[in-house]
Amino acid sequence: MSLLRRLNPSIVPVSPAERMRASVGALVGIMLTGLLSRMALGDSDALPLLIAPMGASAVLLFAAPSSPLAQPWSILGGNLVSAVIGVTCALAIADPVIAAGSAIALSIALMLLLNCLHPPSGAVALTAVVGGASIHELGYWFVLSPVGLNTILLLVSAYAFNNATGRRYPHVAPPATQNSHGTVDATPSHRIGVVPDDLRAVLEQYDEVVNISLEDLDALLHQAQIRAYERRSGEITCAEVMSRDVLTVTPETSLKAAWEVLVRAKIKALPVVAPDRQLVGIVTQTDFMRMSVLNQKGGLKLATRAGGLVRRPGVPRTVSDIMTRRVQSALPETMIAKLVPPMADMGLHHMPVVDHDNHVVGIITQSDLIAALFQNGRTGMATFASGYAEAG
């Protein structure tokens with residue numbers, strides 16, 4: 001029983017809806033490929049409309065569309081390269097067994113070299129060798145039809161179906177998070193723990209094809225680290241640490257009045273709200289800095305003076321003229337661990353907290369976040385020390 005358990009692959013289970021989506025996608029893809037091939041080639045017994053490897057390609061394209069082995073260059077390059085090699089081996093080597101083995105071996109080598117590894121392409125090469133007289137009569141035409149035609153039609157079907165059902169295809173690797181300060185340093189959350197260079201080194205040492213891209217693996221690991229930290233942080237929510245007495249301004253507030261609030265309260269940001277307190281933006285000291293101009297000596301000349309902003313022709317007058325309209329916010333029930341990546345990596349110093357109707361109910365600063373995490377860590381250490389003392 002333990003042997004059977006070890007032989008059972010540990011594939012991550014998916015929902016019934018995803019299983020249905022993949023199955024319907026394969027149905028649609030193969031049917032469309034066959035019907036359109038019939039329209040293009042006619043209904044003839046001499047020329048196959050569909051080749052068997054397309055069934056294996058459909059499994060990857062619809063059931064695992066994020067796999068590196070299922071991307072457009074993988075299937076298109078892999079199938080065409082393997083078809084050429086298969087036909088060549090069939091013509092050049094008389095013994096079909098030797099020809100079949102050579103076709104598979106050469107196809108794998110060239111696909112790895114060209115970075116277009118696609119497992120069903122091995123079956124394409126094999127089909128070219130052992131597919132029978134009708135396949136052999138096609139010669140190199142086999143590469144274009146049915147292999148090329150089937151491949152392109154199946155790819156188009158996968159593109160349309162996957163994107164229509166919420167699966168991005170082709171699967172693009174998530175972009176690397178850019179340092180908000182414009183420097184070449186990695187973002188703070190990627191400077192500690194496992195970093196992409198660590199993954200790359202381990203995969204190179206592993207020296208085996210892994211059916212997931214380095215970028216996706218890094219993104220999954222990063223999300224797992226955040227989830228683990230949420231569990232360790234004791235599930236502290238924004239509602240527990242946020243400031244509830246929030247100073248706000250409206251889009252119509254004058255810049256002079258908004259600046260005076262920032263200076264008087266010694267804060268760096270003000271949520272911008274509509275009359276019903278719905279969040280519509282945020283104005284920060286950085287937004288005011290954008291009103292600055294360089295003087296002739298190259299120094300920074302602020303458009304301010306002791307009494308407030310200088311009123312000059314052509315400069316913005318109200319908060320709506322300079323505020324940031326796309327604001328990242330949190331809900332009161334959001335766990336504070338989820339705020340660490342945006343505040344650390346995106347350089348956010350303040351995050352408004354809103355209810356489900358987008359009404360501002362609080363605000364969290366980096367200081368609030370640090371204090372909460374520090375207090376929770378100290379409490380956890382005290383609990384650990386107490387338990388250890390009792391056990392001793």
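One-based numbering along the sequence shown. The figures here come from the full heavy-atom set of this structure, side chains too, leaving out hydrogens, waters and symmetry mates.
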Would you say that [X] contacts [Y] through its side chain, given a criterion of any heavy-atom pair below 4.5 Å between the two side chains?
| X | Y | result |
| --- | --- | --- |
| Val241 | Ile364 | yes |
| Ile135 | Pro48 | yes |
| Val28 | Phe62 | no |
| Asp368 | Ser243 | yes |
| His350 | Thr284 | no |

Check step by step if side chain to side chain contact (heavy atoms under 4.5 Å, CB included) holds for Leu117 and Met111.
CA-CA 5 Å; Leu117 186 66; Met111 283 190 290; 4.1 Å; yes

To the nearest 0.5 Å, what is the distance between [atom1] on [X] and [atom2] on [Y]?
| X | Y | atom1 | atom2 | answer |
| --- | --- | --- | --- | --- |
| Leu255 | Met323 | CG | CE | 11.5 Å |
| His349 | Gln366 | NE2 | CD | 5.0 Å |
| Leu138 | Ser145 | CG | OG | 7.5 Å |
| Asn79 | Ser74 | CG | OG | 10.0 Å |
| Leu110 | Cys116 | CG | SG | 6.5 Å |
| Leu76 | Ile152 | CG | CD1 | 6.0 Å |

Within one Ile-Leu-Val-Met-Phe-Trp-Tyr cluster: [X] and [Y], side-chain cutoff 4.5 Å:
| X | Y | value |
| --- | --- | --- |
| Leu80 | Val156 | yes |
| Leu214 | Val209 | no |
| Trp141 | Ile51 | yes |
| Ile93 | Val129 | no |
| Phe142 | Leu126 | no |

For Ile282, what are the other residues in its hydrophobic cluster, where any two members join if their side-chain heavy atoms are less than 4.5 angstrom apart?
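Under the 4.5 Å side-chain rule, Ile282 groups with Val246, Val273, Leu279, Val327, Leu331, Val354, Val360, Ile363.
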
Check the side chains of Thr33 and Asn150 for a donor-acceptor pair under 3.5 angstrom, ignoring hydrogens and angles.
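Checked: Asn150/Thr33 side chains show no N/O donor-acceptor pair below 3.5 Å.
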
Under 3.5 Å, is there a donor-acceptor pair between the Glu333 and His356 side chains?
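Yes - a donor-acceptor pair under 3.5 Å links their side chains.
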
Name all residues meeting the side chain to side chain donor-acceptor pair (under 3.5 Å) criterion together with Ser320; count only those two or more places apart in sequence or in a different chain, and write none if there are none.
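Per chain and number, Ser320 pairs via side chain to side chain donor-acceptor pair (under 3.5 Å) with Thr318.
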
Out of Thr250, Leu270, Val280, Val283, which residue meets the side chain to side chain contact (heavy atoms under 4.5 Å, CB included) rule with Val319?
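When side chain to side chain contact (heavy atoms under 4.5 Å, CB included) is applied between Val319 and each of Thr250, Leu270, Val280, Val283, only Val283 qualifies.
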
So, [X] side chain and [Y] main chain: donor-acceptor pair closer than 3.5 Å or not?
| X | Y | result |
| --- | --- | --- |
| Ser121 | His118 | yes |
| Asp357 | His359 | no |
| Gln71 | Pro65 | yes |
| Tyr169 | Ala70 | yes |
| Asp218 | Glu215 | no |

If you apply the rule side chain to side chain contact (heavy atoms under 4.5 Å, CB included), what do you find for Met242 with Val361, and how did you get there?
CA-CA 9 Å; Met242 69 183 185; Val361 295; 4.1 Å; yes

Worked verdict on Thr237 versus Glu240 for side-chain hydrogen bond (donor to acceptor under 3.5 Å, both in side chains)
CA-CA 6 Å; Thr237 64; Glu240 298 177 61; 3.3 Å; yes

I need the minimum non-hydrogen distance between [X] and [Y], along with the two atoms involved.
| X | Y | value |
| --- | --- | --- |
| Val272 | Pro251 | CG1-N, 3.5 Å |
| Asn163 | Tyr159 | ND2-O, 2.7 Å |
| Ala330 | Cys238 | CB-SG, 4.0 Å |
| Leu247 | Ala265 | CD1-CB, 3.5 Å |
| Ile104 | Gly122 | CD1-O, 2.9 Å |
| Pro68 | Ser213 | CG-N, 3.6 Å |

Run through Arg167, Arg168, Arg21, His171 and flag the one making a side chain to side chain donor-acceptor pair (under 3.5 Å) with Asn162.
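Result for side chain to side chain donor-acceptor pair (under 3.5 Å) with Asn162: Arg21.
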
Under the side chain to side chain contact (heavy atoms under 4.5 Å, CB included) criterion, do Ile30 and Leu50 qualify, and how do the steps go?
CA-CA 8 Å; Ile30 292 296; Leu50 282 170; 4.0 Å; yes

One thing to verify: whether Arg200 and Glu204 come together as a salt bridge, which I'm taking to mean a side-chain N less than 4.0 angstrom from a carboxylate O.
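Judged by the 4.0 Å cut-off on N to carboxylate O distance, Glu204 and Arg200 do not form a salt bridge.
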
For Leu217, what residues pass the side chain to side chain contact (heavy atoms under 4.5 Å, CB included) criterion, not counting sequence neighbours?
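With neighbours one apart ignored, the set is Leu199, Leu203, Ile212.
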
Kindly indicate, with the supporting measurements, whether the criterion side chain to side chain contact (heavy atoms under 4.5 Å, CB included) is fulfilled by Leu32 and Phe161.
CA-CA 11 Å; Leu32 282 177; Phe161 184 86; over 6 Å; no

